[in-house]
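All remarks here apply to the structure that follows.
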Amino acid sequence: MFQSKILGLGKYVPEQVVTNHDLSKLMETSDEWIQERTGIEERRHIKKGDGNSTAIMGLKAAKQAIERADIDKDDIELIVFATLSPDYYFPGCGVQIQEMLGIKTCPALDVRNQCSGFVYGISVADQYIKTGMYKNVLVIGSENHSGGLDMTTRSRHVSVIFGDGAGAALLSRSDDDSGILSTHLHAQGEYIDELSLRGPSTEMWVPEIIAKNPQEDIPYFPKMNGQLVFKNAVVRFSEVIQEGLEFNNLKKEDIDMLIPHQANLRISQFIQKKLRLEDSQVHNNIQKYGNTTAASIPIALTEAWEEGKIKKGDLVVLAAFGSGFTWGSVILRW
Ligand code: ACO
């Protein structure tokens with residue numbers, strides 16, 4: 001068995017900054033409410049005409065990760081793309097990236113696991129590298145939320161949370177002791193409707209959506225049972241981090257850096273307290289970017305690394321929870 005490691009990281013966020021005050025012009029909300037409940041101060045939104053899409057933002061993050069990994073793009077043997085907001089209904093963004101990078105026929109796989117998408121993607125990449133099937137795997141998380149949110153008071157508890165952006169990691173076979181020690185994944189489909197977007201889908205196809213009275217049901221906007229999500233998130237985050245630590249005979253005191261999915265600052269703070277970590281041991285940036293779902297962990301990880309917060313030998317923990325419900329963790333030695 002081989003071990004995989006992250007060789008290069010990249011991120012991209014659109015230029016347009018949308019503050020809480022900006023949102024309060026579109027719906028009944030306030031900077032105070034948003035900051036108190038979520039910690040978010042501003043987020044980035046794609047601006048019409050700025051040339052960005054989910055795949056294009058993913059490409060920008062991927063190019064940076066490839067450059068930093070210092071490998072030839074033609075040596076990438078698999079692309080894994082995590083998103084809930086693909087450019088096309090089908091095919092997925094993975095093949096778009098392959099074409100945009102100009103890689104001939106390497107496989108491209110899309111992961112549909114929302115906030116846990118990047119952790120699921122890393123786990124997939126890790127398995128392929130471990131078995132020796134592939135040596136270099138590109139994992140991308142990217143989201144274009146802004147185009148699909150209901151920016152009216154009706155959905156204010158959802159729409160103020162989300163932002164656009166992308167992050168990427170180039171995973172490669174490790175040649176030393178550093179790398180991914182374990183990944184643990186979970187899902188619980190009984191909560192499918194508590195955080196979801198029904199249509200368009202084969203169950204809720206376009207003519208049916210058009211025929212619906214939007215006042216009665218809004219299947220084409222995300223819906224969320226915020227309090228249930230919160231309650232489940234704090235439990236599952238803690239459980240899956242503990243599961244990963246125990247698997248590796250490690251303790252919470254061994255964690256040097258925790259990168260939690262940026263769901264809500266209050267959730268991150270809850271986990272930090274439970275693990276008794278110092279502020280310097282947890283990297284949060286939801287204040288600036290909002291919740292970027294599959295992109296949140298790679299953006300935060302890249303930022304922490306760029307700021308010099310992650311050093312060689314550090315024990316780094318990635319953890320996610322989201323729609324499905326799905327959740328997972330990655331334990332790695334930098
Ligand atoms: N601005 C102002 N008021 C608002 C807003 C808003 N944006 N949204 C809701 N309200 C109002 C409600 O209408 C309600 O008013 P009422 O008491 O007069 O009826 C009041 O605020 C409380 O509403 P709740 O929905 O109960 O608000 P809550 O305190 O639960 O906070 C929140 C909502 C922030 C979504 C919270 O439940 C939460 O953080 N849940 C976790 C969900 C999460 O993090 N999701 C991220 C995406 S999923 C993921 O990444 C895991």
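One-based numbering, in listed order, for ligands and for the atoms of each.
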| If you group Ile, Leu, Val, Met, Phe, Trp and Tyr whenever their side-chain heavy atoms sit less than 4.5 Å apart, what else falls in with Y289? | V13, I299

| Connected-component partners of F90 among ILVMFWY, side-chain separation under 4.5 Å |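 ILVMFWY cluster around F90 also holds Y89, W205.
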
Are more than 12 heavy atoms, taken from residues, nucleotides or ligands other than [X], located less than 6.0 Å from that residue's [atom1] atom?
| X | atom1 | result |
| --- | --- | --- |
| E28 | CD | no |
| L26 | CG | yes |
| E253 | CD | yes |

Result block: side-chain N/O donor-acceptor pairs under 3.5 angstrom for residues 117-125, not counting sequence neighbours:
from: Y120; atom 1: OH; to: H186; atom 2: O; distance (Å): 2.7
from: S123; atom 1: OG; to: T183; atom 2: OG1; distance (Å): 2.7

| message | Can you list every protein residue that has a heavy atom under 4.0 Å from any atom of ligand 1, sorted by chain and residue number? | response | E28, T29, W33, R37, T38, C115, R156, H157, V160, I161, F162, L195, M224, G226, Q227, V229, F230, H261, A263, N264, I267, N291, F321, G322

